[in-house]
Amino acid sequence: MSIDAATVRHIARLARLAVGENELAPIAGELSRVLDLADQLGAAQIDGVEPLAHPHEQTLAWRPDAVTEPDRADAFLALAPDARGGLYLVPKVLE
Amino acid sequence: MQLAQALRERKTSATELTRQALAAAKNRVDLNALITLDETGALAAAERADTALTKNPASALAGIPFAHKDIFCTNGLRTTCASRMLDNFVPPYNATVVDKLAAAQAVAIGKANMDEFAMGSSNENSFYGPVKNPWDTARVPGGSSGGSAALVAAGIVPFATGTDTGGSIRQPAAFCGITGLKPTYGRVSRFGMIAFASSLDTASVLARSAEDCAQVLAAMAGHDGRDATSADRAVDDYLAALAKPLQGLRIGVAREYFGAGIDAGVAAAVQAALKQYEKLGATLVDVSLPNAALAIPAYYVIAPAEASSNLARYDGVRYGYAAKEPKSLEDLYTRTRAEGFGAEVKRRILVGTYALSAGYYDAYYLRAQRVRRLIANDFAEAFKTVDLIAGPTTPTVAFKLGEKNSDPLAMYAEDVNTVAVNLAGLPAISLPAGFSEKLPVGLQLIAPAFEEARLLNAAHQFQLASDWHAHKPEGVA
């Protein structure tokens, strides 16, 4: 599968990764090679084969709907570049 | 562990062993195997272990120095995952694995170097620079648990923790001439282990011998309510299982694992090791894993897809690296991620995002999941007639630094014999099986789910009858 610079720009946008204009072409080349590798999957006989998302197909784990962790909000907020009044701060979204 | 015996007989102390390990680590900074050395924490833990050792019964690991791969969160101690993104990250909690080994009073001396976010097969993808192989410092130690493997091979610590998503314990164990066990998916808790590909990630141990691996796995394994994918079943007695003779054991020799690209010297060493297994009473059976060639393409769709989802959390808002002077929220996200992640991590995020995007999901992600079932079925079919499956862990011995890191596909090909095991969620071990070009060769044994005891038993019996695991790089005591 060969992908072009416009596709790289699109997926970089989906992945929220800044990619410079001059990086688009080399990345497109690299990703095309990885996708060529993935295209080998086309040779597989998969008719009627169910997808396997998880190795053991475990049933969902259940637990009582009760609080088990202590309130550590302050410890976690302390890791943020900017937090005030118990809230994470981000750049303004609306002017 | 010989050290455990010496501790019990008071021939040495935890503090003495810890001082030795810290000195040995400082003496080998050339290996670049540690990101963080925690002298203060280690000496305090050693002192507590020495107190515990005066009482009976103390844990078998009490007072034994070791290192954690820097992917396990350690409360109050920087945990980087070898990424600029987490260069400043000090977790406010411990991974379950960290808690369990602390409860066993093993003494963590620091955090081992690795490939960034465990993505790599050479340890050249670390923000902190590559790790060197103690057998030849011009060569890679393998990855992603390269620092863990180098520390054990260089005799700095008798064991280290590692993680294995596509071979990241087994391949470095093979390249560094040590023993590395990848457990069944769900056998060891993933809580507090920084996520890469959540349906493939497993945590375990690299050590000098299968016996040591058994000792450490026993302390790490078990159900954990904080990991919803943790297996709720009893842990076998790995140590008790070691002594069982191998008479009647049926080992399937997977012909695909000796296919094109497998170095002749590696294949010869592995074949010789399998002959040794015959002498020990095992029977060799030819088996086929017909979809083996599809494991790499399936893995390099599924793992990046899961990674792209897991790594979405690094947004510059809550913890970790944040781009300076963001002009908008979008700018904060996109520049934080562009500046915080290395090249291979970005590549996998983009591949994964593509494979999950509208219009391509069926052709890539869903198709890879169907192939994943074929691969799991191949193993299930083979295990109807054999107890274990054997082959070389890696196609080559340790390659030179810089030899493959400019070509992602050449690097991915390194994982040809390891990734299928993760796709199927099975346990496997790599053990030293000889040398090729004076460099260690690893034999991989694969078992059905939750048969870690069988793997450790087979590896231990081999190590009683051979001394490949006792070889050390020149100059290592």
Side-chain angles (χ1 to χ4, degrees), chain A residues 1 3 7-8 10-20 23 27-28 30-31 33-58 60-63 68-69 72 74-83 88-93 95, chain B residues 89-90 92-93 185-186 199 225 228-232 291 293-294 296-298 300-301 308 312 315-319 322 326-335 337-338 341 346-347 349-351 353-355 357 364 366-374 376 408-409 412 423-426 449:
Chain A
M1 182 71 163
I3 63 170
T7 308
V8 175
H10 172 61
I11 53 177
R13 160 93 183 89
L14 293 177
R16 299 295 186 274
L17 263 179
V19 175
E23 297 172 274
I27 292 176
E30 274 176 10
L31 296 192
R33 291 189 63 215
V34 178
L35 293 172
D36 283 343
L37 176 73
D39 285 337
Q40 291 173 19
L41 295 172
Q45 298 300 315
I46 53 164
D47 291 346
V49 180
E50 285 297 308
L52 179 65
H54 214 268
H56 306 313
E57 303 189 85
Q58 289 156 307
L60 207 57
W62 291 82
R63 62 169 175 79
T68 53
E69 300 289 333
R72 311 246 349 252
D74 289 345
F76 286 91
L77 284 165
L79 301 170
D82 202 358
Y88 290 109
L89 295 195
V90 297
K92 241 189 248 181
V93 179
E95 289 303 324
Chain B
F89 178 57
V90 179
Y93 63 95
Y185 181 84
S199 82
T229 59
S230 162
D232 191 3
N291 294 291
L294 295 171
I296 291 268
Y300 280 98
V301 170
S308 73
D315 56 9
V317 173
R318 292 161 298 164
Y319 54 93
K327 293 194 249 330
S328 64
L329 186 56
E330 181 80 13
D331 183 48
L332 173 65
Y333 290 157
T334 59
R335 274 202 298 121
R337 294 163 64 75
F341 290 136
K346 287 188 214 176
R347 187 177 298 128
I349 288 174
L350 290 172
V351 168
T353 303
Y354 185 77
S357 66
Y364 288 103
L366 215 53
R367 179 173 283 270
Q369 285 194 329
R370 292 184 203 277
V371 171
R372 182 177 188 174
R373 185 178 298 277
L374 294 179
L409 269 71
Y412 298 172
L423 291 169
L426 303 176

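Proteins come first, then strands; the chains are lettered A, B, ... in the order of their sequence lines, and each starts at number 1. This is a predicted model, so every value here is computed, not measured.
Pairing each heavy atom of V317(B) with each of A80(A), the nearest pair is O-CB, 3.5 Å. Residues Q40(A) and P297(B) share a closest heavy-atom pair of OE1-CG, 3.6 Å. Heavy atoms only, all atoms of each residue included: P81(A) and A322(B) are closest at CG-CB, 3.6 Å.
For E69(A), the part sitting under 4.5 Å from any heavy atom of chain B is the side chain, from C-beta outward, and nothing else. Looking at V93(A), the atoms closer than 4.5 Å to chain B (heavy atoms on both sides) all sit in the side chain, from C-beta outward. Only the side chain of T7(A) comes within less than 4.5 Å of a heavy atom of chain B; its backbone N, CA, C and O stay farther away. Of the atoms belonging to S328(B), it is backbone heavy atoms, and not side-chain ones, that fall under 4.5 Å from chain A. For chain A, the nearby parts of A368(B) are the backbone and the side chain; heavy atoms of each come within less than 4.5 Å. Heavy-atom distances place both the backbone and the side chain of E50(A) under 4.5 Å from chain B. Neither the backbone nor the side chain of A312(B) comes within contact range of chain A; no heavy atoms are under 4.5 Å apart. Residue contact with chain B, scored on non-hydrogen atoms closer than 4.5 Å, is absent for L77(A). Both the backbone and the side chain of R33(A) come within contact range of chain B, judged by heavy atoms closer than 4.5 Å.
The choice from Q45(A), K92(A), E30(A), R63(A) that makes the most heavy-atom pairs within less than 4.5 Å of chain B is E30(A). Of all the listed residues (V90(A), L41(A), V8(A), L37(A)), the one sharing the greatest number of non-hydrogen pairs under 4.5 Å with chain B is L41(A).
Without hydrogens or angle criteria, R72(A) side chain to P92(B) main chain gives a donor-acceptor distance under 3.5 Å. Under the 3.5 Å distance criterion, the side-chain polar atoms of R16(A) are left unmatched by any main-chain donor or acceptor of D315(B).
Considering L350(B), V351(B), V301(B) in turn, V351(B) is the only one that fulfils the side-chain contact (heavy atoms from CB on, under 4.5 Å) rule with V34(A). Of the residues R370(B), R367(B), R373(B), R372(B), the one that meets the side-chain contact (heavy atoms from CB on, under 4.5 Å) test with P51(A) is R370(B).
For the pair Y354(B)/L31(A), no side-chain contact is recorded, criterion being any heavy-atom separation below 4.5 Å from C-beta on. Counting only heavy atoms from C-beta outward, the side chains of H54(A) and T229(B) approach each other to under 4.5 Å. Residues Y88(A) and Y319(B) are not in side-chain contact: their nearest non-hydrogen atoms beyond the backbone lie 4.5 Å or more apart. Proximity of Y364(B) to D39(A): side-chain heavy atoms (C-beta onward) are separated by under 4.5 Å at one or more points. Residues D331(B) and P91(A) have side chains not in contact (no heavy-atom distance under 4.5 Å, counting atoms from C-beta outward).
Classification of the Y185(B)-H56(A) ring pair by plane angle, with boundaries at 30° and 60°, yields tilted.
The neighbour count for E330(B) CD, taken as heavy atoms of other residues, nucleotides or ligands under 6.0 Å away, is above 12.
Put simply, OG1 on T353(B) and NE2 on H10(A) are 10.0 Å apart, with the number rounded to the nearest 0.5 Å. Atoms CG and CG, on D36(A) and L409(B) in that order, are 8.5 Å from each other to the nearest 0.5 Å.
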